[in-house]
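Here the structure comes first, spelled out in structure tokens, and everything after it is commentary.
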Amino acid sequence: MALDSLGRDIRYLRISLTDRCNMRCVYCMPEEMRFALRDELLTADEILAVARAARDLGFDKIRLTGGEPTVRPELVDIVRGISSLGFRAISMTTNGLRLDELARPLKEAGLERVNVSVDTLDADKFHRITRWGKLETVLAGIRAAEKVGLTPIKINAVVVRDYNDDDVADLAALTLEHPWQVRFIEMMPFGQVAQFAQEGVVSQQEVIARIEAKLGLLEPVGDGRLDGEARLFRLRGAQAAVGFISTVTNPFCATCSRVRLTADGKLRLCLLRDDEGDLRSLLRNGASFEALRERMRELIFRKPWGHGLPDNVIPLQRVMSQIGG
Ligand code: SAM
């Protein structure tokens, strides 16, 4: 078991496979990025070594992310390797552009489900937000994931003032037609995109008001308690819930059970703080399995209480794609 100094049981590891992405979402990374060099990234074997140590520490849930995890060439092999370690849940967050071709091999390798990022159902706006993305390709990816059983599917939407704040009701309406949970994520400030994110953030309260004005009441699910990081609501007659991940206005630090492995081998203790510990040099200096596991235990113990956004403490070292959202 890996406890932090506040007694939180840390058992959820989000693994970033790469800092690269085949989109350039306006709130995530600037169009011109410097990416890590190949030998700065953990190899597939190094990633599996960290996953094995996490399993030994009692972690039971893995999410693969990035950057865009589907641009990592060894993705399917990494999923197969992680799947053999016996985690309770293995999922992936993706922009969906490559899901059409990868859904089946990923399912066969042991992936259980996917979250797909879709910020709007308007193809032109989708292109404006993602800069390089094509909505139709992503929707085909979601259909492919559904067909092979990478379910239940969750759709993640970051709401950005003057980009897609008008589109939240259309996205929520997906839950009336499909068994897809649609989750609205409040935009968070990071590094070079911090100012953009702070100026464009749209609160949970406003998103709820916009949805209810078009689609009727959103009833709280489970008395409004958190389900993971989301608070869930449901439209009358819907097949799935509408969720809100409101890290800025309604944080869930008290129940946080996660840490992140960045693609360049740092264990990041809180998404929104720059505290990290290096695992790559340990791995490359021939550390034993026990040494790696104990280093991870030590770092986890130092997990900070929560983020500092209310005090204007903004993570400046990395943007979301370099952390693993
Ligand atoms: N490329 C994959 C994707 O698009 O889902 C996985 C990585 S992406 C960094 C993970 C999630 O973080 C996406 O849902 C994305 O929209 C979200 N994200 C990126 N930058 C963000 C920000 N500044 N605030 C809130 N969410 C953000």
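Counting starts at 1 for both ligands and their atoms, in listed order. When reading the values below, keep in mind they use all heavy atoms of this one structure, side chains included, and skip hydrogens, waters and symmetry mates.
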Original post:
For atom 24 (N) of ligand 1, what is the nearest protein heavy atom, given as residue, atom name and distance?
Top reply: Met188 N, 2.8 Å
Original post:
If you take all heavy atoms of Leu111 and Val114, which pair is closest and at what distance?
Top reply: CD2-CG1, 3.9 Å
Subject >> Closest protein heavy atom (residue, atom, distance) for atom 26 (N) of ligand 1 >> reply: Val158 CG2, 3.5 Å
Subject >> Met29 heavy atom under 4.0 Å from ligand 1 >> reply: no
**OP:** Tell me, yes or no, whether the heavy-atom count around Arg113 atom CZ, taken from other residues, nucleotides or ligands under 6.0 Å, exceeds 12.
**Re:** yes
Subject >> Nearest atoms (heavy-atom pairs only) where Pro189 meets Gln198 >> reply: CB-CG, 3.8 Å
**OP:** Using a cut-off of 6.0 Å, state whether more than 12 heavy atoms not belonging to Glu31 lie near its atom CD.
**Re:** yes
Original post:
Looking at Tyr163, does the NZ or CZ of Arg128 lie under 6.0 angstrom from its six-membered ring centre and within 45 degrees of the ring axis?
Top reply: yes
**OP:** Find all atoms of ligand 1 within a distance of less than 4.0 Å from any non-hydrogen atom belonging to Gly66, and give their numbers and elements.
**Re:** 7 (C), 9 (C)
Original post:
Tell me, which protein residue and heavy-atom name are nearest atom 12 (O) of ligand 1, and how many Å apart are they?
Top reply: Met320 CE, 3.5 Å
Original post:
Under 3.5 Å, N or O to N or O, is Ser117 touching ligand 1 that way?
Top reply: yes
**OP:** Without swapping roles, check the side chain of Arg55 against the backbone of Gly86 for a donor-acceptor pair under 3.5 Å.
**Re:** yes
Subject >> Element-labelled atoms of ligand 1 that are located less than 4.0 Å from some non-hydrogen atom of Thr65 >> reply: 6 (C), 7 (C)
Subject >> Protein heavy atom at shortest distance from atom 21 (C) of ligand 1 >> reply: Tyr27 CD1, 3.5 Å
**OP:** Report, in ascending order of atom number, the atoms of ligand 1 lying under 4.0 Å from any heavy atom of Asn95.
**Re:** 2 (C), 3 (C), 4 (O), 5 (O)
Original post:
Any idea which protein heavy atom is nearest atom 7 (C) of ligand 1, and the distance to it?
Top reply: Gly67 O, 3.0 Å
Original post:
With a 4.0 Å heavy-atom cut-off (strictly under), which part of Thr94 contacts ligand 1: side chain, backbone, both or neither?
Top reply: backbone
**OP:** Please could you name the atoms of ligand 1 that Phe190 approaches to less than 4.0 Å, counting only its heavy atoms?
**Re:** 23 (N)
Subject >> For ligand 1, the portion of Ala197 having any non-hydrogen atom under 4.0 Å away >> reply: neither
**OP:** Determine, for Glu40 against Arg34, whether the closest basic-nitrogen to carboxylate-oxygen distance falls under 4.0 angstrom.
**Re:** yes
Original post:
Under a 4.0 Å heavy-atom limit, does Met23 contact ligand 1 with its side chain, its backbone, both, or neither?
Top reply: neither
Original post:
To which protein heavy atom is atom 2 (C) of ligand 1 closest, and what is the distance rounded to 0.1 Å?
Top reply: Glu68 OE1, 3.2 Å
**OP:** Give the atoms of ligand 1, by number and element, whose distance to some non-hydrogen atom of Glu186 is under 4.0 Å.
**Re:** 25 (C)
**OP:** Report yes if the distance between the aromatic ring centroids of Phe59 and Phe87 is under 6.0 Å, otherwise no.
**Re:** no
Original post:
Which bit of Thr93 is near ligand 1, meaning a heavy atom under 4.0 Å away: side chain, backbone, both or neither?
Top reply: both
Original post:
Backbone N or O of Thr249 within a donor-acceptor pair of the Gln204 side chain at under 3.5 Å?
Top reply: no
Subject >> Asn156: numbered ligand 1 atoms lying under 4.0 Å from its heavy atoms >> reply: 14 (O)
**OP:** Taking all non-hydrogen atoms of both residues into account, name the closest pair between Ala51 and Ile15 and its distance.
**Re:** CB-CD1, 4.5 Å
Original post:
Could Asp165 and Arg210 be called an ion pair, given the rule that one side-chain N must be under 4.0 Å from one carboxylate O?
Top reply: yes
